[in-house]
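What follows is a single structure, written as structure tokens, with notes after it.
Counting starts at 1 for both ligands and their atoms, following the listed order. Being a predicted model, the structure only gives us computed values, none of them experimental.
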Amino acid sequence: MAEALDALVVGSGPNGLTAAAFLARAGLSVRVLEANADFGGGLRTRALTLPGFRHDLCSAVHTMGCLSPAFRLLDLERHGLSWIYPPLSLAHPLEAGEAVVLDPSIAVTAAQLGVDERAYRELVTPFVRSPQKLFADLLAPLGVPRQPFTLARFGWLGLRSARALAFGRFRAEPARALLAGCAAHGVQPLEHALTAAFGLTFLIAGHVKAWPVARGGSSAIASALLAVCRRWGVEFVAGERVKSLAQLPPAQAVLFDLAPRQLAEIAGDALPRAYTRSLRRYRMGPGCFKLDWALDGPIPWRNAEVARASTVHVGGSFAELARAEAAVWRGEHPEQPFVLVTQQSHFDATRAPRGQHTGYAYCHVPAGSSVDMTLAVERQIERFAPGFRDRILSRHRLFPADLEAHNASHLGGAVTGGVADLGQLFTRPTLRLDPYSTPNPQLFLCSQSTPPGGGVHGMCGFYAARSVLRRCFGRHLTLPW
Ligand SMILES: Cc1cc2nc3c(=O)[nH]c(=O)nc-3n(C[C@H](O)[C@H](O)[C@H](O)COP(=O)(O)OP(=O)(O)OC[C@H]3O[C@@H](n4cnc5c(N)ncnc54)[C@H](O)[C@@H]3O)c2cc1C
């Protein structure tokens with residue numbers, strides 16, 4: 001009979017790979033099972049349009065990845081990862097050729113905000129004094145913070161809605177719109193409590209390091225994680241879709257880098273009924289509709305500054321963004337959606353043939369939507385970049401069902417592993433002191449549906465590995481700062 005593994009990881013997204021790396025580094029025998037033919041989950045880069053154009057299938061810009069304590073500990077840059085930092089993290093075009101940008105310098109960003117210059121400086125400055133510790137606190141489950149006073153201040157501001165923060169602190173459109181676009185990454189109406197926290201997190205991050213892309217595509221992050229894992233002896237099996245526990249080889253601990261509902265289905269009777277009921281009740285939230293383009297030149301933004309940013313928030317004013325996100329939440333398709341555009345090829349020549357460019361955009365839509373948003377998305381970009389459509393050589397669409405077909409964890413096309421509201425951000429997937437553990441001492445969850453939630457940072461995997469090491473092997477894993 002084959003010897004039992006110490007740990008088995010089901011799913012090879014950034015959290016699964018991070019968990020595998022830390023467990024193997026601690027001396028455990030680890031195997032990763034992945035349903036797809038390739039590894040990386042949300043970190044895959046493909047030729048979706050024409051030869052020579054390389055597109056990020058899901059994750060594109062790594063605001064949290066470059067600040068992740070786990071990635072730093074794994075020294076991904078020594079394993080082939082190269083971040084490319086753009087001059088600007090973000091640009092947000094406004095009417096009449098105006099645009100507001102997120103520059104690494106607080107002073108430069110504040111200076112364009114007119115009457116809100118001082119309010120902006122006062123809002124973000126206290127958070128960038130010790131960013132390493134702040135992001136170690138933000139990218140963690142509830143616990144004792146490293147910086148209790150800074151985190152209390154962050155919580156006091158972040159617990160409110162983006163609308164309350166924008167209208168309480170700022171008097172003019174540029175600052176309000178800048179905050180709105182960042183808050184809309186939370187995929188909720190901007191009137192919801194806690195949406196201010198998303199806005200603040202993204203703004204602060206942009207003043208620590210400009211939101212980077214990975215040289216060669218997001219798959220380069222997966223390649224670096226795979227290299228670390230292989231160095232510590234992790235085994236990999238591709239093309240293995242796990243449907244039940246009976247399929248798994250013997251292992252002391254099994255970590256699922258999956259959505260809570262998938263865990264409920266796979267584990268069946270191995271978990272108490274009350275717990276699986278709560279996993280099934282977990283809310284995934286809206287989905288997303290994505291477009292990738294091969295372009296015959298850069299997007300012709302009316303305001304030239306916009307081309308200097310890795311990310312562009314397209315949708316106009318605070319009110320317009322708020323309307324769009326509220327419509328999606330009600331199950332409607334906004335005529336003027338909030339569109340997240342990224343322009344990796346502006347900074348990374350490996351993405352497109354010389355002189356040509358890739359374009360990447362998505363908008364939020366109701367879960368599982370089959371409505372084609374191509375026209376609505378392209379019209380929004382055209383509004384701020386006249387002539388954009390003339391540059392399209394080829395386009396590729398991804399509906400929520402396609403996203404789910406590429407990655408079974410993206411139920412309904414959800415972007416960030418489930419609604420991140422007060423009821424689910426800290427207590428995902430359900431209320432438990434150790435949210436990575438389950439009532440079955442062998443089974444663990446390590447996906448973005450655990451704290452600290454969505455995004456490519458690997459911290460869910462790190463804390464799940466910590467839980468496994470403590471509970472199954474009596475070992476400790478801590479961050480050195
Ligand atoms: C369109 C889109 C854009 C995004 N953009 C960004 C961005 O710019 N920046 C950012 O930081 N984040 C972004 N994200 C979010 C980011 O991709 C996720 O937060 C991240 O990938 C979550 O990592 P994970 O390890 O928890 O799970 P995933 O990356 O979802 O990995 C799960 C893995 O499990 C595998 N799997 C599923 N079911 C099974 C099964 N039954 N058996 C075996 N294997 C299985 C899947 O194939 C997949 O490889 C985006 C997401 C989407 C969808």
Legend entry - Any N/O pair Glu34/ligand 1 closer than 3.5 Å: yes
Inset, instruction - Give yes or no for whether the N/O distance cutoff of 3.5 Å, strictly under, is met between Gln448 and ligand 1. - result: yes
Legend entry - For atom 43 (C) of ligand 1, the option (of Ala19, Gly453, Ala35) bearing the nearest heavy atom: Ala35
Legend entry - Proximity flag Ala60 to ligand 1, non-hydrogen atoms under 4.0 Å: yes
Inset, instruction - Please indicate whether any nitrogen or oxygen in Val10 is less than 3.5 Å from any nitrogen or oxygen in ligand 1. - result: no
Inset, instruction - Give me the ring orientation class for His364 and Tyr362: parallel if the planes are under 30° apart, tilted from 30 to 60°, perpendicular past 60°. - result: tilted
Legend entry - Min N/O separation Asn36 to ligand 1 under 3.5 Å: yes
Legend entry - Val456, any N or O under 3.5 Å of ligand 1 N or O: yes
Inset, instruction - Would you tell me whether Arg432 and Ser437 have side-chain atoms, one donor and one acceptor, within less than 3.5 Å of each other? - result: yes
Inset, instruction - Flag Gly42 as yes when one of its N or O atoms lies below 3.5 Å from any N or O atom of ligand 1, and as no otherwise. - result: yes
Inset, instruction - Consider ligand 1: state whether an atom of it lies below 4.0 angstrom from any non-hydrogen atom of His410. - result: yes
Inset, instruction - Answer yes or no for Glu240: is there a heavy-atom contact with ligand 1 below 4.0 Å? - result: yes
Inset, instruction - Report yes or no: does Gly417 have a heavy atom closer than 4.0 Å to ligand 1? - result: no
Inset, instruction - Compute the minimum heavy-atom distance from Val415 to ligand 1 and say whether it is under 4.0 Å. - result: yes
Inset, instruction - Over 60° means perpendicular and under 30° means parallel, so classify the ring planes of Trp83 and His62, tilted if in between. - result: tilted
Legend entry - Sub-3.5 Å N/O-N/O distance, Lys290 and ligand 1: no
